[in-house]
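Quick notes on the structure that follows.
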Amino acid sequence: MSEENLKEKEEIKPSISFIEQFIADDLKEGKNSGRIHTRFPPEPNGYLHIGHAKAICLSFGMAQKYGGKCNLRFDDTNPVKEDVEYIDSIKEDIHWLGFDWENREFYASDYFGKLYDFATDLIKRGLAYVDDQTAEIISAQKGTPTQPGTESPFRERTVSENLDLFVRMNNGEFEEGSHVLRAKIDMTSPNMHMRDPIIYRIIKTSHHRTGNKWMVYPMYDFAHGQSDYFEGITHSLCTLEFEVHRPLYNWLIDQLKTGDYRPRQIEFNRLNLTYTVMSKRKLLQLVQEGSVSGWDDPRMPTLCGLRRRGYTPESIKKFIDLIGYTKVEAINDVSLLEHAVREDLNLRTPRVFAVLNPLKVIITNYPEGKVEEVELINNPEDETKGTRNIPFSREIFIEQDDFMENPPKKFFRLAPGNEVRLKGAYIIKCDGFKKNEKTGSIEEVYCTYEPDTRSGEPGSEKKVKGTLHWVSAKHAINAEVRLYDRLFNHEDPAGQKDDDYRNFLNPGSLKVLRGCKIEPSLGSAKPLDKFQFQRLGYFCVDYESTRENPVFNRTVQLKDTWSKINK
RNA sequence: UGUCCUGUAGUGUAAUUGGCAACACGUCUGAUUCUGGAUCAGAAGAGUUCAGGUUCGAGCCCUGACAGGACAACCA
């Protein structure tokens with residue numbers, strides 16, 4: 001590449017998303033006095049997943065980048081479905097991702113009073129009315145997407161009657177479902193959401209924050225935009241399915257606003273990942289039916305699941321950065337997520353030796369009882385991480401996969417007559433093995449070592465094709481290792497019309513290995529500590545790990561060219 | 001039989017006021033390597049859903065098709 005081209009390439013600015021473009025334009029035009037203020041509005045009825053992370057990164061990220069603020073606002077307008085239980089986990093996950101809302105922790109329920117007053121105001125202005133019909137009838141009158149609705153017989157009630165009824169609804173004089181408050185807009189609108197939408201309903205369940213103060217609760221459409229308005233939000237970023245709500249959002253803001261300020265709703269595509277499901281309902285179902293061990297099962301796309309799996313916040317942010325924000329409903333390949341986590345972990349994790357499926361190797365010409373300390377580099381990507389010593393002795397464990405009695409052509413590992421390097425130690429040659437004739441399994445392998453080939457010694461210059469990791473048998477610690485694979489064996493389990501997504505659960509998504517042999521330095525590892533098990537993948541200490549039974553979760557495998565060649 | 005949104009390599013995204021379709025992942029070569037990792041060098045792969053139109057010139061503008069999605073919860 002010529003110097004000129006190189007310069008050109010360096011000058012390419014990372015392109016910004018259409019949302020950021022809107023924001024930049026609004027700021028430039030001086031809308032809302034040049035402020036940017038966003039919000040992240042989770043409903044406290046479940047755990048956050050990586051799709052939420054995409055929304056969090058956008059709303060917090062835009063505010064950060066353009067010198068604004070981002071509020072955390074719990075959208076708690078439905079006491080039937082919501083619970084405090086979820087609030088702490090949601091806050092923990094946002095913090096874990098590295099974002100902070102300072103003192104701006106809000107709740108839609110903070111505004112129940114203002115919302116009630118606004119509803120009353122709409123009634124007074126003839127823009128809302130109480131409907132006494134059942135849900136079924138109201139629904140039938142709504143029409144269909146292709147047919148206009150018909151007006152409710154209660155649509156023309158007097159203001160005073162409406163006012164009286166609404167007060168009594170909130171006093172608990174009526175049963176749930178018997179009355180609703182509706183905005184009076186247009187029953188013939190081609191947009192169903194404008195056909196006199198229900199804005200208040202009676203719910204007698206106690207609310208986790210306001211207790212039994214209210215008997216009427218605002219619907220999403222009547223709470224969200226107004227909450228934005230009350231908080232001075234300038235850009236209300238949400239997912240595509242709310243696009244059709246935008247006219248209603250704007251209509252309500254129009255009734256509410258008194259000056260130039262108005263929040264703007266912009267919609268982007270939600271995150272879909274291959275080989276998993278993302279809806280809260282389905283995730284909850286997986287938990288309840290025991291398909292996974294809980295919300296934080298390392299196979300779950302929840303943030304707590306990914307954390308337990310060994311993902312770092314940086315890797316998730318990197319991934320989200322990579323996929324971008326558009327209006328196209330896309331399914332993103334998990335392999336991109338895996339790439340992001342490998343890239344991150346490659347730089348930060350210490351390399352260690354762990355043998356998952358041990359096969360004993362006896363070095364027949366190595367003195368019995370002798371132990372040598374060999375030095376290994378902790379992280380070749382980061383010299384400052386230094387070195388460590390691990391013991392070497394006559395009997396070691398290697399991976400069962402690293403020995404073959406009858407190897408194919410390009411097998412660079414151990415086989416009868418073959419030489420390999422034991423990483424950090426000696427070159428050994430295989431000159432025999434013990435096979436269980438009944439089962440056909442290899443039980444022991446016998447080798448001889450070349451004393452002058454120890455790493456660092458002059459003889460170590462000798463080239464061999466393969467290098468194996470190993471653990472000294474006498475010094476190894478036993479460990480449990482949990483190998484995770486994709487939860488589903490279909491790219492799009494939820495998108496199959498005739499098949500329930502549960503039919504695609506991958507029966508091999510969790511494989512528990514016991515009796516794995518890990519190097520002694522791992523004895524002091526703490527939950528969430530991350531390592532690269534050399535030649536295998538990235539692993540993370542599980543919460544259930546104890547000194548007696550260390551437990552490691554596999555985050556992701558290393559890229560494996562050999563398995564491809566071998567196919 | 002409506003309204004709204006969306007169609008760019010296998011996947012996800014780019015492409016100033018119309019100006020040689022670019023990047024990442026994945027795939028494939030080769031180099032290098034005491035991790036079959038990482039790194040480095042390179043390659044293949046789309047002519048932008050289709051058909052018209054405007055223009056010297058269209059992924060971008062216009063018209064019309066086609067395809068996919070969203071909308072008919074007293075959910076958010």
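Sequence lines set the chain letters: A, B, ... in the order given, protein chains first and strands last, and positions in each chain run from 1. What you see below is based on every heavy atom in this structure, not just the backbone, and it leaves out hydrogens, waters and symmetry mates.
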Query - Spacing between A/Trp251 atom CH2 and B/rC4 atom P, to the nearest angstrom - result: 21 Å
Report summary line: With sequence neighbours left out, the residues meeting salt bridge (Lys or Arg N to Asp or Glu O under 4.0 Å) with A/Arg264 are A/Asp26
Query raised in the report: Can you name the ring-ring contact (aromatic ring centres under 6.0 Å, His included) partners of A/Phe412, sequence neighbours left out?
Result: none
Query raised in the report: Going by atom types alone, do A/Asn418 and A/Lys465 pair a side-chain donor with an acceptor below 3.5 Å?
Result: no
**Report entry** Qualifying ring-ring contact (aromatic ring centres under 6.0 Å, His included) pairs with a residue from residues 326-345 of chain A, counting only residues at least two apart or across chains
**Finding:** none
Report task. Pick base, sugar-phosphate or nothing for A/Phe319, based on heavy-atom distances below 4.0 Å to the nucleic acid. Result -> nothing
Query - Nucleotide B/rC5, atom P - distance to CD of A/Gln265 in whole Å - result: 14 Å
Requested in this report: Using a 4.0 Å heavy-atom cut-off across all strands, classify A/Gly456 as base, sugar-phosphate, or nothing.
Outcome: base
Requested in this report: State whether A/Lys327 places a side-chain N or O below 4.0 Å from either non-bridging phosphate oxygen (OP1 or OP2) of B/rA70.
Outcome: no
Report task. Only counting residues at least two apart or in another chain, list the ones meeting side-chain hydrogen bond (donor to acceptor under 3.5 Å, both in side chains) with A/Thr150. Result -> none
Query raised in the report: Expressed in whole Å, how much space separates the P atoms belonging to B/rC71 and B/rU63?
Result: 27 Å
Report summary line: By ring-ring contact (aromatic ring centres under 6.0 Å, His included), A/Phe166 pairs with (sequence neighbours left out) A/Tyr116, A/Tyr200
Report task. Could you walk me through whether A/Glu43 and A/Lys81 pass salt bridge (Lys or Arg N to Asp or Glu O under 4.0 Å), step by step? Result -> CA-CA 9 Å; A/Glu43 185 187 13; A/Lys81 296 172 84 172; 5.3 Å; no
**Report entry** A/Tyr129: partners by ring-ring contact (aromatic ring centres under 6.0 Å, His included), with sequence neighbours left out
**Finding:** none
Requested in this report: Determine, for nucleotides 10-16 of chain B in 5'-to-3' order, which nucleotides have protein heavy atoms under 4.0 Å from the base (write B), from only the sugar-phosphate (write S), or from neither (write -).
Outcome: -SSSS--
Report task. Let me know the distance between CG of A/Leu468 and P of B/rU33, rounded to the nearest Å. Result -> 18 Å
Report summary line: Closest of B/rC5, B/rU27, B/rG36 to the A/Lys564 side chain is B/rU27
Report summary line: Per nearest nucleotide of RNA chain B, the residue lying toward the 5' end, A/Glu243 or A/Ala425, is A/Glu243
Query - Qualifying residues under salt bridge (Lys or Arg N to Asp or Glu O under 4.0 Å), relative to A/Asp131, sequence neighbours excluded - result: A/Arg182
Query raised in the report: Does the base of B/rG36 carry an N or O that pairs as donor and acceptor with the side chain of A/Arg535 under 3.5 Å?
Result: no
Query raised in the report: What is the nucleic acid contact for A/Arg195, judged by heavy atoms within less than 4.0 Å: base, sugar-phosphate only, or nothing?
Result: nothing
Requested in this report: Could you list the residues that satisfy ring-ring contact (aromatic ring centres under 6.0 Å, His included) with A/Phe106, not counting sequence neighbours?
Outcome: none
Query raised in the report: Any idea how A/Tyr111 and A/Phe230 line up, ring-wise: parallel (<30°), tilted (30 to 60°), or perpendicular (>60°)?
Result: tilted
Requested in this report: Please report, rounded to the nearest Å, how far the P atom of B/rG37 is from the CG atom of A/Asn379.
Outcome: 17 Å
Query - B/rA46 versus B/rU11 - spacing of their P atoms, nearest Å - result: 13 Å
Report summary line: In whole angstroms, the gap separating C1' of B/rU17 from CG of A/Asp25 amounts to 14 Å
**Report entry** base_contact_polar (B/rU35 base, A/Gln532 side chain, donor-acceptor, <3.5 Å)
**Finding:** yes
Query raised in the report: Expressed in whole Å, how much space separates the C1' atoms belonging to B/rG47 and B/rA9?
Result: 10 Å
Query - Dot-bracket encoding per residue of RNA chain B, Watson-Crick/G-U cut-off under 3.5 Å, | denoting interstrand - result: .((((((..((((.....[..)))).(((((.......))))).....(((((..]....))))))))))).....
Query raised in the report: Run the salt bridge (Lys or Arg N to Asp or Glu O under 4.0 Å) check on A/Arg348 and A/Glu314 step by step: do they pass?
Result: CA-CA 11 Å; A/Arg348 66 169 81 226; A/Glu314 291 79 6; 3.2 Å; yes
Set out, line by line, the N/O atom pairs under 3.5 Å between protein and nucleotides 72-76 of chain B.
from, atom 1, to, atom 2, distance (Å)
B/rA73, OP2, A/Ser139, OG, 3.3
B/rC74, N3, A/Gly177, O, 3.3
B/rC74, N4, A/Gln133, O, 3.1
B/rC74, N4, A/Ala135, N, 3.3
B/rC74, N4, A/Gly177, O, 2.6
B/rC75, OP2, A/Arg201, NE, 3.2
B/rC75, OP2, A/Arg201, NH2, 2.8
B/rC75, O3', A/Arg201, NH2, 3.2
B/rC75, O2', A/Asn78, ND2, 3.4
B/rC75, O2', A/Lys81, NZ, 3.2
B/rA76, OP1, A/Thr77, OG1, 2.6
B/rA76, OP1, A/Arg201, NH2, 3.0
B/rA76, OP2, A/Tyr220, N, 2.8
B/rA76, O3', A/Asp75, OD2, 3.2
B/rA76, N6, A/His245, NE2, 3.2

Query raised in the report: For A/Asp560 and B/rA38, what is the distance between atoms CG and P respectively, to the nearest whole Å?
Result: 11 Å
Query raised in the report: Reckon A/Lys280 touches a base, only the sugar-phosphate, or nothing at all at heavy-atom distances under 4.0 Å?
Result: nothing
Report task. Find the distance A/Leu558:CG to B/rU35:P and express it as a whole number of Å. Result -> 12 Å
Requested in this report: Determine the Euclidean distance between corresponding C1' atoms of B/rU32 and B/rG26; express it in Å to zero decimal places.
Outcome: 23 Å
Query raised in the report: Expressed in angstrom and rounded to an integer, what is the separation of A/Gln557 atom CD from B/rG26 atom C1'?
Result: 16 Å
**Report entry** Gap in Å between the two P atoms, one belonging to B/rG10 and one to B/rU54, rounded
**Finding:** 32 Å
Query raised in the report: For atom C1', what is the distance between B/rA22 and B/rA70, given to the nearest Å?
Result: 31 Å
Report summary line: Classified by glycosidic angle (syn within 90° of 0, else anti), B/rG47 comes out syn
Query raised in the report: Looking at side-chain heavy atoms only, is the closest gap between A/Asp196 and A/Ser152 below 4.5 Å?
Result: no
Query - Sugar-phosphate only, base, or nothing, as touched by A/Gly424 at under 4.0 Å among non-hydrogen atoms - result: base
Query raised in the report: How far does the P atom of B/rU13 sit from the matching atom of B/rG19, given to the nearest Å?
Result: 22 Å
Query raised in the report: Quick one: is B/rA38 close enough that its OP1 or OP2 comes under 4.0 Å of any side-chain N or O from A/Arg342?
Result: no
Report task. State which residues pass side-chain contact (heavy atoms from CB on, under 4.5 Å) with A/Thr144; sequence neighbours excluded, sorted by chain then number. Result -> A/Thr146, A/Gln147
**Report entry** Distance, C1' atom - from B/rG30 to B/rC66, rounded to whole angstrom
**Finding:** 45 Å
